[in-house]
Participant: 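Okay, handing you the structure first.
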There are 2 protein chains.
Amino acid sequence: MINNIYDWKGDGMKLGEGVEASIHCAAMLAGVEGDATLSGAAMAEAFGVSPSYLLKHLNTLTSAGVLESLPGPAGGYRLARPAERISLLDIVLAVEGAQPAFRCGEIRQRGPVKLPASAYMKPCGINVAMLKAEKAYRAALAVEKLSDIVAGFQNDADPRAVAASCAFVARHQRLQKSSSPRYK
Amino acid sequence: MINNIYDWKGDGMKLGEGVEASIHCAAMLAGVEGDATLSGAAMAEAFGVSPSYLLKHLNTLTSAGVLESLPGPAGGYRLARPAERISLLDIVLAVEGAQPAFRCGEIRQRGPVKLPASAYMKPCGINVAMLKAEKAYRAALAVEKLSDIVAGFQNDADPRAVAASCAFVARHQRLQKSSSPRYK
DNA sequence: CTATTGCGGATATAAAATATCCATGATAAA
DNA sequence: TTTATCATGGATATTTTATATCCGCAATAG
């Protein structure tokens with residue numbers, strides 16, 4: 001028995017949980033002072049997620065050029081560039097991959113009727129329409145900067161939550177002795 | 001060694017293959033005459049997909065009110081309303097589910113520091129931003145009507161492919177004896 | 001009555017996401 | 001120099017999801 005439209009199907013197009021953790025980590029890293037870092041373990045504790053798995057995503061973000069990493073006892077992660085120049089799209093693409101959600105399997109030419117390949121030079125219209133929609137999705141993510149997320153948090157969130165977050169960063173951030181190479 | 005941005009990660013946010021088959025089926029059903037139907041087996045053959053699995057999606061589309069189904073030897077599927085009033089969003093939501101791709105796990109309050117629930121009344125800004133982007137995605141899918149897909153196919157696709165598709169529909173469609181209830 | 005079709009449930013298989021572990025190299029501090 | 005801490009990368013296990021198949025049932029045209 002179907003009660004409402006949400007019973008039609010369970011889930012479907014889903015974004016991995018790593019995206020949520022990654023964005024939260026990036027937002028938290030936007031709050032460290034100067035060239036300080038936060039360890040992956042600290043951030044995993046802050047959000048109650050699996051440390052070893054979060055490290056994978058942080059590693060991916062580093063390879064993608066969103067984060068910077070430093071080894072050693074004072075090591076950890078920090079933003080690779082100012083929060084104003086990091087968009088949610090940068091993070092989502094890094095963690096989830098750049099491939100579109102809709103992958104055209106060209107099933108239009110998988111039928112029993114065999115037509116020469118020349119009959120399918122024009123792209124599938126369904127694929128075009130789906131990619132167009134995804135382009136709109138990515139455009140919307142591209143305008144959302146990490147700095148906006150942080151500003152919104154500091155302005156709108158409960159003061160207790162803001163204070164707790166700042167305290168956590170202040171307690172766990174690791175200042176660098178010599179000013180290691182950092183953006184700008 | 002990373003050669004290009006596509007090596008960052010394999011895949012991520014993915015749309016099931018059922019979506020592609022479902023849209024193709026709906027587009028094909030837009031081509032039947034009057035109140036005729038196409039059997040699920042015929043459409044599975046047309047696109048070279050698993051019949052039993054496709055039936056599941058067609059069934060879901062029927063429950064969602066996108067398609068209509070008739071049992072019996074002359075039975076099968078047909079559109080539940082004109083192609084002008086069926087959008088790609090209708091199909092995607094029916095097949096993939098209406099839940100958003102980004103599900104906020106509220107990991108902001110899963111940390112070691114326990115704040116009262118009252119500190120998290122305001123929605124998570126990250127969740128808001130992600131849902132906003134998905135809203136843009138759905139809006140773009142909502143304006144893409146099935147009739148546009150069909151028209152684009154007939155106008156732009158190779159004449160041989162159009163002819164083959166029409167021939168397939170003409171050969172497999174099942175006309176109804178008495179005009180069964182159908183949208184006007 | 002018979003053959004065909006959609007429907008629904010149960011179940012199996014394949015693939016992907018999630019999570020853990022360990023060896024390694026780099027680095028700061030003692 | 002030694003030690004402890006941290007990121008890195010590979011290998012692997014676990015869990016979840018998507019995909020696929022099968023069977024009994026109800027409906028219906030001939």
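Just so we're on the same page: letters track the sequence lines, and every chain starts at 1.
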Participant: Which part of the nucleic acid does A:Leu55 contact within heavy-atom distance under 4.0 Å: base, sugar-phosphate only, or nothing?
Facilitator: base

Participant: Would you please test B:Lys145 and B:Arg85 for side-chain contact (heavy atoms from CB on, under 4.5 Å) and show each step?
Facilitator: CA-CA 7 Å; B:Lys145 306 299 182 184; B:Arg85 294 199 286 116; over 6 Å; no

Participant: Without decimals, in angstroms, what is the distance between B:Leu54 CG and D:dA18 P?
Facilitator: 17 Å

Participant: For a quick test of reading the model: is some side-chain N or O of A:Asn59 closer than 4.0 Å to OP1 or OP2 of D:dT8?
Facilitator: yes

Participant: Can you measure B:Arg78 atom CZ to C:dT5 atom P for me and round it to whole angstrom units?
Facilitator: 16 Å

Participant: Atom CG of A:Leu175 to atom C1' of C:dA29: distance rounded to whole Å?
Facilitator: 15 Å

Participant: To the side chain of A:Pro71, which of C:dT27, C:dT4, D:dT8 is closest?
Facilitator: C:dT27

Participant: Think B:Lys14 has a side-chain N or O under 4.0 angstrom from the OP1 or OP2 of C:dA16?
Facilitator: yes

Participant: For residues B:Ile23 and B:Leu88, determine if any side-chain heavy atom of one lies less than 4.5 Å from a side-chain heavy atom of the other.
Facilitator: yes

Participant: Taking atom CD of B:Gln173 and atom CG of B:Leu29, what is their separation to the nearest 0.5 Å?
Facilitator: 10.5 Å

Participant: Between C:dA19 atom C1' and A:Leu58 atom CG, what is the distance in whole Å?
Facilitator: 15 Å

Participant: Is B:Lys56 side chain donor-acceptor paired with the C:dG9 base, going by distance under 3.5 Å alone?
Facilitator: yes

Participant: For a quick test of reading the model: is some side-chain N or O of B:Tyr53 closer than 4.0 Å to OP1 or OP2 of C:dT13?
Facilitator: no

Participant: So do B:Leu115 and B:Gln109 actually touch side chain to side chain, heavy atoms under 4.5 Å?
Facilitator: no

Participant: Taking C-beta and beyond as the side chain, do A:Glu45 and B:Arg110 meet within less than 4.5 Å on heavy atoms?
Facilitator: no

Participant: Would you indicate what A:Ser69 reaches in the nucleic acid, counting non-hydrogen atoms under 4.0 angstrom: base, sugar-phosphate, or nothing?
Facilitator: sugar-phosphate

Participant: Select one nucleotide: of C:dC7, D:dA27, D:dT5, the one nearest the side-chain heavy atoms of A:Pro73.
Facilitator: D:dT5

Participant: Could you give the CD1-to-P distance, from A:Ile107 to D:dT19, as a whole number of Å?
Facilitator: 12 Å

Participant: Are any of B:Ser50's side-chain N or O atoms less than 4.0 Å away from OP1 or OP2 of D:dT21?
Facilitator: yes

Participant: Can you confirm whether B:Ser118 sits close enough to A:Asp158 that some side-chain heavy atom of one is under 4.5 Å from a side-chain heavy atom of the other?
Facilitator: no

Participant: Measure NE2/B:His57 against P/D:dT21 and give the value in whole Å, please.
Facilitator: 12 Å

Participant: Pairing donors with acceptors under 3.5 angstrom, does anything connect the side chains of B:Ser87 and B:Asp90?
Facilitator: yes

Participant: What are the residues of residues 15-28 of chain B, sorted by number, that bring a heavy atom to within less than 4.0 Å of DNA chain D?
Facilitator: B:Gly16, B:Glu17

Participant: Roughly, in whole Å, what's the span from CD in B:Gln176 to C1' in C:dT5?
Facilitator: 11 Å

Participant: Say whether A:Leu89 and A:Val95 are linked into one hydrophobic cluster, either directly or through other cluster members, by side-chain heavy-atom distances under 4.5 angstrom.
Facilitator: yes

Participant: 5'-most contact on DNA chain C: A:Ala74 or B:Thr62, nearest heavy atom basis?
Facilitator: B:Thr62

Participant: How many whole angstroms separate atom CE of B:Met13 from atom C1' of C:dA16?
Facilitator: 16 Å

